[in-house]
Amino acid sequence: PYLKLQNQPSWVVTASLHKSGFPADDLFSSIPQGMFANLEGIKTSGSLDYHFDLNIDFDNVDSLTFRSNMEKHDFKIEKMGATDFRMIQSPFTYHAYENGELVRSFVVGESNPNFRSLNQISECLRGAVMFSEDGQFFRHKGFYENAIKASLIQNLKEKRFARGGSTISMQLVKNVFLCRNKTMMRKLEEILIVWLIENNRLVSKERMYETYLNIIEWGPNVYGAEEAAQFYFDKSCDKLSPAEAIFMASIVPRPKKFKLSFNEDGTLKEHLSKYYEKIGYQLHKNGYISDGEFRRLKPEVELKGNAKNYFSDLS
């Protein structure tokens with residue numbers, strides 16, 4: 001590892017780590033017992049290369065450079081650890097926690113009447129969530145360096161955690177396998193699990209996205225696309241209009257605060273106009289909506305489900 005701190009003429013941090021051709025099991029067997037519960041007992045073969053570079057000039061944050069990449073050679077998981085990550089390829093029971101307490105448990109599969117396969121979810125909703133959360137999901141292998149770099153730049157500029165760089169893969173792993181507490185150790189375990197799943201094709205991209213859309217919180221005790229569509233619009237998630245789909249995508253980062261998107265009379269707040277323009281443009285550009293639908297698209301929705309009871313003027 002290499003680390004350099006420079007404070008003249010400005011603060012500059014440079015860090016790097018380059019290691020080629022080391023036995024893969026050296027990495028996984030070196031994890032202290034009790035640190036990463038999901039990975040305990042995992043056995044691997046083959047070798048790995050890891051390369052990391054970071055440079056931050058605090059007087060010119062936009063020039064930040066970031067690179068992190070682990071490549072495999074004849075890598076194979078000989079034995080799964082405490083958790084078999086292939087479990088999400090088949091129906092499983094998802095447990096939703098809030099502040100460390102279990103609030104909901106439900107099956108992610110056909111036996112759950114609210115479960116929807118990927119092709120049963122509005123194409124507009126699938127596209128809107130993807131372009132909002134992780135537009136490169138079906139192209140990357142769990143990580144998107146440009147998103148992480150943009151997140152670091154914005155957070156350093158604003159001197160707070162203003163933007164995350166997590167991909168849908170990372171969010172899924174966090175929700176299904178890990179606690180919600182933001183710690184460095186949890187983040188490292190998340191990164192390793194995502195790398196194992198994505199680089200070894202333990203779960204298909206389609207099933208990962210299907211699972212994600214069926215488990216994410218979309219309102220107060222509202223989980224999954226079908227529950228959310230019923231909660232907001234009293235309709236199935238395959239019947240959503242482009243405007244309704246974009247609205248639902250907009251509240252994924254802060255589902256419990258969905259009321260903040262509305263005025264008291266139930267109309268959407270003006271600041272969402274730019275979001276609608278951005279996501280609408282991506283939907284149109286990528287063929288999710290027609291020319292006519294794009295021209296008619298406005299940041300307007302009408303609450304018809306139980307969500308309207310949160311507004312005195314509507315209930």
Scanning both residues in full, the closest heavy-atom pair of R186 with L178 reads O-CD1, 3.9 Å
For the OG1 atom of T83 and the CD atom of E189, what is their distance to the nearest 0.5 Å?
8.0 Å
For the CZ atom on F92, are there more than 12 heavy atoms of other groups (residues, nucleotides or ligands in this structure) within a distance under 6.0 Å?
yes
Between the side chain of Q120 and the main-chain N/O of D238, is any donor-acceptor distance below 3.5 Å?
no
Is it true that the side chains of Y275 and S132 contain a donor and an acceptor less than 3.5 Å apart?
yes
When you measure from the side chain of N263 to the backbone of D265, do you find a donor-acceptor pair of N or O atoms at a distance under 3.5 Å?
no
So does K304 pair up with D234, basic N to acidic O under 4.0 Å?
no
Is the backbone N or O of G224 less than 3.5 Å from a side-chain atom of E227, with the two atoms forming a donor-acceptor pair by type?
no
Count the heavy atoms belonging to other residues, nucleotides or ligands that lie under 6.0 Å from CG of D74, then report whether that count exceeds 12.
no
What pair of heavy atoms forms the shortest contact from D57 to S10, and how long is it?
OD1-OG, 3.1 Å
What one should report as the nearest heavy-atom pair of F85 and L196 is CE1-CD1, 4.2 Å
I'd like to know if the side chain of S250 reaches the main chain of F247, judged simply by a donor and an acceptor atom lying under 3.5 Å from each other, with no hydrogens or angles considered.
yes
Which atom pair, heavy atoms only, marks the closest approach of E198 to S169?
OE2-OG, 2.5 Å
If you count every heavy atom of other residues, nucleotides or ligands that lies below 6.0 Å from K257 atom NZ, does the total exceed 12?
no
Please find out if less than 6.0 Å separates the ring center of Y212 from that of F137.
no
Just by distance, do the side chain of S30 and the backbone of D26 share a donor-acceptor pair under 3.5 Å?
yes
Cation-pi between K298 and Y276: NZ/CZ under 6.0 Å from ring centre and within 45° of the ring axis?
no
If we only count heavy atoms from C-beta on, is the D53 to H18 side-chain gap below 4.5 Å?
yes
Go through it in stages, so that I can follow the logic: the residues are R207 and E210, the test is salt bridge (charged side-chain N to carboxylate O under 4.0 Å, His left out), and I'd like the CA-CA distance, side-chain angles, deciding distance and then a yes or no.
CA-CA 5 Å; R207 174 59 178 175; E210 179 180 86; 2.8 Å; yes
Say whether, by atom type as modelled, one donor and one acceptor occur between the side chain of K205 and the main chain of H140 under 3.5 angstrom.
yes
Between the side chains of S166 and Q171, does any donor sit under 3.5 Å from an acceptor?
no
If every non-hydrogen atom of L202 is compared with every non-hydrogen atom of M80, which pair is closest and at what distance?
CD1-CE, 3.8 Å
Take a 6.0 Å sphere around NZ of K76 and say whether it holds more than 12 heavy atoms from other residues, nucleotides or ligands.
no
Within 6.0 angstrom of K159 NZ, more than 12 heavy atoms from elsewhere
no
Below 4.5 Å, heavy atoms only, C-beta onward: do E71 and N69 meet side chain to side chain?
yes
Nearest-0.5 Å distance that lies between atom OH in Y50 and atom CG in L48:
11.5 Å
Run the ring-centre check on F262 versus Y310 and record whether the distance is less than 6.0 Å.
no
Distance-only, no hydrogens or angles: does the Q230 side chain make a donor-acceptor pair with backbone N or O of G305 under 3.5 Å?
no
F106 side chain near N214 side chain, heavy-atom distance below 4.5 Å
no
Any donor-acceptor pair under 3.5 Å from E293 side chain to S290 backbone:
yes
Any donor and acceptor pair, going by atom type alone, linking the side chain of R67 with main-chain N or O of H51 inside 3.5 Å?
no
Please report the closest heavy-atom contact between C237 and R116, naming both atoms and the distance.
SG-CG, 3.7 Å
Expected output: side-chain N114 to main-chain E226 donor-acceptor under 3.5 Å:
no
E190 vs K187, test: salt bridge (charged side-chain N to carboxylate O under 4.0 Å, His left out). Steps then yes/no.
CA-CA 5 Å; E190 175 187 307; K187 197 67 179 178; 3.0 Å; yes
Got more than 12 heavy atoms from elsewhere within 6.0 Å of NZ, K278?
no
In this structure, are over 12 heavy atoms from other groups packed under 6.0 Å from K141 atom NZ?
no
Side-chain contact test, heavy atoms from C-beta onward, threshold under 4.5 Å: evaluate it for I88 versus V108 and give yes or no.
no
Any side-chain heavy atom of F131 sitting closer than 4.5 Å to one from K285?
no
Are F75 and W195 near enough that their ring centres are under 6.0 Å apart?
yes
Below 4.5 Å, heavy atoms only, C-beta onward: do M87 and F177 meet side chain to side chain?
yes
For a quick check under 3.5 Å, do T267 and E300 share a side-chain donor-acceptor pair by atom type?
no
